[in-house]
Amino acid sequence: MIPRKQVAIFNIPANAKWAQNGVTVAGGNGRWDATNQLDHPLGLFVDDEQTVVIADYYNHRIIQWKNGDTTNGQVFAGGKGQGNGLHQLNAPSDVLIDKDTDSLIICDRDNRRVVRWSRRSGTTKGEVLIDNIECYGLAMDEQRYLYVSDYIKDEVRRYQLGEKNGSLVAGGNGYGKDLNQLNFPTYLFVDRQQNVYVSDYGNHRVMKWTKGAKEGIVIGGGQGRGNTLTQLNGPSGLFVDTLGTLYVADRVNNRVMRWTQGDKTQGTVIVGGNGRGAGANQFRSPVGLSFDRHGNLYVVDWDNDRVQRFSIE
């Protein structure tokens with residue numbers, strides 16, 4: 001079994017369209033820490049059963065919402081207040097499910113560590129996989145290598161589970177905008193060929209680093225900060241399908257964009273782009289992004305404290 005979010009294992013038709021009004025599948029009940037609420041959620045993971053697992057940033061917890069139950073979520077990690085104990089989290093920014101071990105792997109951002117929590121009932125604390133890292137985004141490939149972005153060192157490293165140092169796979173040449181550099185890398189995606197896709201947030205572009213490459217290729221944005229179809233402004237969550245089509249949450253522009261492999265100069269808006277707001281067709285800072293196995297799109301709406309699902313048509 002492999003992590004669904006991290007490896008593109010299905011086709012989304014090149015001409016696919018999505019409903020323009022999203023349905024709230026998690027949160028949306030105000031900002032606080034009840035089990036029907038979220039507080040500035042960030043990364044998410046969608047499993048085969050359409051269960052949504054969310055890094056609930058300011059609630060310092062990972063919360064799971066099952067398909068069909070939009071009333072309440074279930075806390076799976078943290079939720080014991082802000083802190084650095086093994087039973088606590090501090091501003092988690094991303095999460096994925098490792099099905100081989102039935103566990104969550106979490107970027108525990110402000111504790112500067114990556115931790116693993118078993119999903120089995122009775123689990124009360126996690127274990128540290130990697131420490132002393134300014135992590136932001138996570139990915140896992142089919143061989144169960146773990147990829148972690150470091151937004152201070154402006155690099156992405158690949159780790160065997162249990163390994164502490166890892167190997168450099170993107171960036172690592174200081175802060176900057178050259179093709180061998182990154183500027184505040186956030187979310188990641190890895191395909192079956194171990195190509196690494198990085199939301200290069202500070203450079204307003206998405207980069208593809210082929211396995212073993214010394215520099216990346218711009219596959220979305222890279223034309224400066226802006227809101228035209230050639231530009232991105234704060235790219236965040238991303239997904240790449242088997243056709244090589246890139247989907248990215250364009251955070252500051254409050255939209256989700258699609259960039260096809262054959263056209264790296266201009267993208268198209270697939271949802272959002274209707275101004276900043278709380279309407280069903282609007283966002284207030286979209287961040288995390290994923291698809292389920294049916295091609296439905298899930299977007300974490302950071303400042304509306306909700307997760308929206310857009311059905312594929």
Side-chain angles (χ1 to χ4, degrees), residues 4-5 18-47 49-82 88-97 104 106-110 117 119 136-138 186-187 234 236-239 247 249-252 254-256 271-272 274-292 294 296-311:
R4 173 71 64 179
K5 183 180 82 167
W18 288 263
Q20 293 302 292
N21 287 338
V23 174
T24 301
V25 295
N29 295 298
R31 178 178 300 161
W32 200 239
D33 62 357
T35 55
N36 69 342
Q37 295 176 307
L38 298 167
D39 190 345
H40 288 97
L42 276 176
L44 85 164
F45 186 100
V46 182
D47 73 7
E49 288 72 46
Q50 297 174 280
T51 296
V52 180
V53 181
I54 304 159
D56 193 7
Y57 187 73
Y58 281 128
N59 281 327
H60 313 291
R61 67 188 183 185
I62 304 298
I63 188 165
Q64 170 179 294
W65 295 65
K66 290 187 177 180
N67 181 32
D69 182 5
T70 58
T71 305
N72 286 285
Q74 180 183 2
V75 178
F76 261 84
K80 302 295 184 182
Q82 180 181 14
Q88 294 174 303
L89 298 171
N90 187 355
S93 57
D94 205 8
V95 58
L96 60 83
I97 297 174
L104 301 172
I106 303 161
C107 171
D108 190 10
R109 197 180 101 167
D110 285 3
W117 284 61
R119 298 177 79 202
Y136 201 107
L138 303 171
T186 56
Y187 292 103
S236 296
L238 72 165
F239 188 94
Y247 301 84
D250 190 11
R251 182 172 181 171
V252 182
N254 297 296
R255 64 190 184 184
V256 175
V271 293
N274 299 303
R276 180 179 170 86
N281 68 343
Q282 293 179 302
F283 299 113
R284 293 171 66 200
S285 296
V287 282
L289 177 151
S290 192
F291 289 87
D292 64 25
H294 304 291
N296 301 310
L297 169 65
Y298 296 73
V299 183
V300 175
D301 194 4
W302 153 266
D303 218 13
N304 281 323
D305 305 292
R306 66 186 183 183
V307 176
Q308 299 287 89
R309 181 175 65 211
F310 296 85
S311 298

Mind running side chain to side chain contact (heavy atoms under 4.5 Å, CB included) on Gln20 and Val271 for me, showing each step along the way? CA-CA 6 Å; Gln20 293 302 292; Val271 293; 4.1 Å; yes
Apply ring pair (Phe, Tyr, Trp, His ring centres under 6.0 Å) to the pair Tyr298 and Phe291, showing each step before the final yes or no. CA-CA 6 Å; Tyr298 296 73; Phe291 289 87; 8.4 Å; no
Give the C-alpha distance, both sets of side-chain angles, the deciding distance and a yes or no for side chain to side chain contact (heavy atoms under 4.5 Å, CB included) between Asn67 and Arg309. CA-CA 11 Å; Asn67 181 32; Arg309 181 175 65 211; 3.5 Å; yes
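Annotation for Ser236 and Val287: closest pair CB-O, 3.7 Å, computed over non-hydrogen atoms. Scanning all heavy atoms of the two residues, the minimum distance from Thr70 to Trp65 falls at O-CZ3, 3.4 Å. Considering every non-hydrogen atom in both Asp56 and Ile63, the closest pair reads CB-CG2, 4.2 Å. Of all heavy-atom pairs spanning Arg61 and Pro92, the tightest one is O-CG, 3.8 Å. The heavy-atom pair separating Ile54 from Pro41 by the smallest distance is CG2-CB, 3.6 Å.
Side chains of Gln64 and Thr51: no donor on one and acceptor on the other come within 3.5 Å. Under the 3.5 Å distance criterion, with hydrogens and angles disregarded, a donor-acceptor pair is assigned to the side chains of Gln50 and Asp292. One side chain, Gln82 or Asn90, offers a donor N or O that lies under 3.5 Å from an acceptor on the other.
Rounding to the nearest 0.5 angstrom, the gap separating the CG atom in Asp108 from the OG atom in Ser93 is 8.5 Å. From Leu44, atom CG reaches atom CG of Leu38 across 10.5 Å, with rounding to the nearest 0.5 Å. From Arg255, atom CZ reaches atom CD of Gln282 across 14.5 Å, with rounding to the nearest 0.5 Å. Once rounded to the nearest 0.5 Å, the distance linking OH of Tyr247 with OG of Ser290 reads 12.5 Å. Between Asn281 atom CG and Asn274 atom CG the span is 4.0 Å, to the nearest 0.5 Å. In this structure, Gln74 CD and Asp69 CG are separated by 10.0 Å, a value rounded to the nearest 0.5 Å.
Partners of Asn254 according to the side-chain contact (heavy atoms from CB on, under 4.5 Å) rule, which considers only residues two or more places apart in sequence or in another chain, are Arg276, Phe283, Pro286.
The aromatic rings of Tyr58 and His40 sit perpendicular to each other, their planes meeting at more than 60°, with 30° as the lower class boundary.
Side-chain contact between Leu89 and Ile62: present, with at least one pair of heavy atoms (C-beta onward) separated by less than 4.5 Å. When side chains are defined from C-beta on, Asp94 does not count as touching Leu42, because their heavy atoms never get closer than 4.5 Å. Side chains of Val307 and Val299 form no contact here, defined as non-hydrogen atoms less than 4.5 Å apart. Residues Asp301 and Arg284 form a side-chain contact, since some pair of their non-hydrogen atoms from C-beta on lies under 4.5 Å apart. Side chains of Trp117 and Ile106 form a contact here, defined as non-hydrogen atoms less than 4.5 Å apart. Counting heavy atoms from C-beta outward, Leu104 and Phe76 have side chains that approach closer than 4.5 Å.
A donor-acceptor contact shorter than 3.5 Å links the side chain of Arg306 to the backbone of Ala278. Checking side-chain atoms of Arg109 against main-chain N and O of Gly137 turns up no donor-acceptor pair under 3.5 Å. No donor-acceptor distance shorter than 3.5 angstrom exists from the side chain of Gln37 to the backbone of Gly27, with no hydrogens or angles considered. A donor-acceptor contact shorter than 3.5 Å is absent between the side chain of Asp39 and the backbone of Asn59.
Lys66 has no carboxylate O lying under 4.0 Å from a charged side-chain N of Asp47, or vice versa, which leaves the two without a salt bridge.
A cation-pi contact links Arg251 to Trp302, judged by a cut-off of 6.0 Å to the six-membered ring centre and 45° from its axis.
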